[in-house]
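Please read all numbers here as calculations on a predicted model, not as lab measurements. So you know, we letter chains A, B, ... as the sequences are listed, proteins then strands, and number each from 1.
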Protein chains: 2
Amino acid sequence: MLSDKYELKQPLRLPDQVAAILMEELESGTLKPGEMLPPEMELATKFGVSRAVIREALSQLKAEGLLESQQGRGVMVVGRSGRRFFRLEDPEKFNSQSLTHLYELRAILESEAAAMAAARGSTRDVAKLGECVVAMARAVEDDTIGAVPDLDFHRGIAEASGNHHLCELMQFLNDKLLVLIQEAREHSRQNPGVPRQVQKEHEGIYRAIEARNPQKARKETLDHLRMAARRLGLEI
Amino acid sequence: MLSDKYELKQPLRLPDQVAAILMEELESGTLKPGEMLPPEMELATKFGVSRAVIREALSQLKAEGLLESQQGRGVMVVGRSGRRFFRLEDPEKFNSQSLTHLYELRAILESEAAAMAAARGSTRDVAKLGECVVAMARAVEDDTIGAVPDLDFHRGIAEASGNHHLCELMQFLNDKLLVLIQEAREHSRQNPGVPRQVQKEHEGIYRAIEARNPQKARKETLDHLRMAARRLGLEI
DNA sequence: GGAAAGCATGTTGTCAGACAAATATGAGTT
DNA sequence: AACTCATATTTGTCTGACAACATGCTTTCC
C-alpha cells in the first residue's frame, strides 16, 4: 500500500507512480546531483511497496540517465548533463499555447532544413522530393488522400539537409504533431480549393530547393507553414 | 578525480542488455507496431534470465513509450507516434561530423531564439541579459572564468524567446555540448585577446536584442556561433 | 436456438525471501 | 600511519507464489 502522503493515482502501475514521485523530487531539487538515494529496501518500506517495484522504477530513471547505480555502493543522482532524452511534456496536457510553440519550433527547423537542402542536398535527395511533388499533384487531381507523399515530402526535406540530428528531431516533432497534421489535411479536403493552394506551396518549396536557392527555400517553407498553421486555427 | 567518471565502464546489467536487444528489434522492424510480444515468461526462458530482469527491461521500454502493457492481455508494440523522448545517440559514439551537426542544430535554434527574444522578449528578460553581459565583461577584465554568466546569457536568450519547448530543447542540447563548450572557454582563455573578442560578440547580440532588431540578433548570434565553432576546430 | 452467466486458462502486476557479487566499514596488526 | 582482513551493507539476480484482469469455452436458462 502506498501512503496517502503522496496523492497517488490508482490506475497507474506502482513502478510508474514511484518513478513519477522520484522524478518530481529530482526536478524540484530535493534530490541534488551527487547525492545518494536511500537503499532500495528503505525506499520500499517508505513507499510501502516491494523492492521489485522500486527496482522497476529506478530502472526507468537509470535508463533515462537521471540515476546511476553501482553494485555494493548504492544509487547516485547524476546531473542534468547525464540526461539521455529530450522529453516533451505529456501530450494530454497540451494547451493551445503549447501547441503553437511546438508548431513554431517545427517551423524553425523545417525552414532551416529546406535552406540546407537547397544549399547542399544531393541530386538524389532532390529527385526524391520531385517524385513526392508529382505524387501529391496526382492526389490533388484524384481528390484522394495525399497523406503518404505529403509526409514523405517533409521527411525528404529533413533528409536532404544532410544533418542526421536535425532529421531525427524533425521526425520526432512531426510524429508528435501528426494528429494535428492529419486534422489539417482532412480540413483541407473539405474546403474546395485548399488542396490546390497547398500543392502550389509545396511546389514553391520544391522549385526553390531545385534551383539551389536557400533563402527562397527557407522563405517558401516558412510561408507554407504559416499558412498551414492559420488553416489549423493556430495564432502564429 | 577525473578518472572516476571514465572508470565506470561497468559491465552492462542484464535488464539493460535485454532492453538493448528489444530496442534493436523494434528499430529494425522485426517487431512491428500493433504486434504482441511473447509472454514475459517465454522471453525469460528465451533470454535465459529471470522474469524480474525481463520486467525491468520492459519497464524501461514502456517508460519510453515504445511498448504498452495491459494486465491479463500482454505487451504490445506501439508505433513511432507513441515515442515520448527524443533520444540522441550515445555521446561516446560521437564523431566529428556528428558533433558538427549537433552544433549546427544548436546554432539554428539559438539564432532563431535570439531573433524571437528581440521581437517579443519582455523587458525583464532583456534586463537579465544585460546583467549577464556586465558580469561577463567583469570576468574578462579580471581574467577569471566566466562560465556561469556565459551559460546564464545563453539560457537567458532561450527564455526570452518565450517558447517553452524551444527553451527546454536548447537546454538539453547545451547540456550535451557542455564539455565541448568548456573546452572552448579554456582554449579561449589561453589565447590572449580571444576573451575580448568573445565579449564583443556577446555584446553585439545583446545590443541587437535590446534594440528590438530580430534580423540583426539572428545574424549576430549566427556569426558568434560560427566563430565559436571555428575556435573549436569544427568545420562549419 | 440463442443469449447470458459462470468457469478455466493464460498473462501481467505485485509480493516475499533468498543468495551472489561488489563495495564500504572498522578493528586489529605491523 | 598504513595495511590486512573479517563483517556489514547494498545492488544484482533468481525462484516461487498469489492477485487482478482478459479471453475463450462451457454450461445453463429462456
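One interatomic measurement links the two molecules: CD of A:Glu42 to P of D:dT11, which rounds to 10 Å at whole-angstrom precision. Whole-Å rounding puts the A:Met41 CE to C:dC15 C1' distance at 10 Å. Atom CG in B:Leu58 sits roughly 13 Å away from atom P in C:dT14 (whole-Å rounding). Rounding to whole angstrom units, CG of residue A:Leu12 and C1' of C:dT12 are separated by 15 Å. At whole-Å resolution of the value, CD1 in A:Ile54 and C1' in D:dT11 are 14 Å apart. Atom pair A:Phe47:CZ and C:dT14:P shows a separation of 14 Å (rounding to whole Å applied). The interatomic distance linking B:Glu40 (CD) with C:dG13 (P) rounds to 6 Å, in whole Å. What separates CG of B:Leu67 from C1' of C:dG13 is a distance of 16 Å, to the nearest Å.
Checked by atom type, the side-chain pair A:His165/B:Ser98 shows a donor-acceptor distance below 3.5 Å. Of the N and O atoms on the side chains of A:Thr221 and A:Glu110, not one donor lies less than 3.5 Å from an acceptor on the other residue.
For residues 65-77 of chain B, the set of pairs meeting the side chain to side chain donor-acceptor pair (under 3.5 Å) definition, not counting sequence neighbours, comprises B:Lys62-B:Ser69. Listed by first and then second residue, the salt bridge (Lys or Arg N to Asp or Glu O under 4.0 Å) pairs that reach into residues 30-50 of chain B are B:Glu40-B:Arg51, B:Glu40-B:Arg55, sequence neighbours excluded.
Note on B:Ser69: every side-chain N or O is 4.0 Å or more away from OP1 and OP2 of C:dT11. For D:dT11, neither phosphate oxygen OP1 nor OP2 lies less than 4.0 angstrom from any side-chain nitrogen or oxygen of A:Lys62.
A salt bridge links B:Glu64 with B:Arg87; the closest basic N to acidic carboxylate O contact falls under 4.0 Å. The pair A:Lys128-A:Asp125 does not meet the salt-bridge criterion, since no charged nitrogen lies less than 4.0 angstrom from a carboxylate oxygen.
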Per-nucleotide protein contact along nucleotides 15-24 of chain D, 5' to 3', at a 4.0 Å heavy-atom cut-off (B base, S sugar-phosphate only, - neither), is B-B-BBBSS-
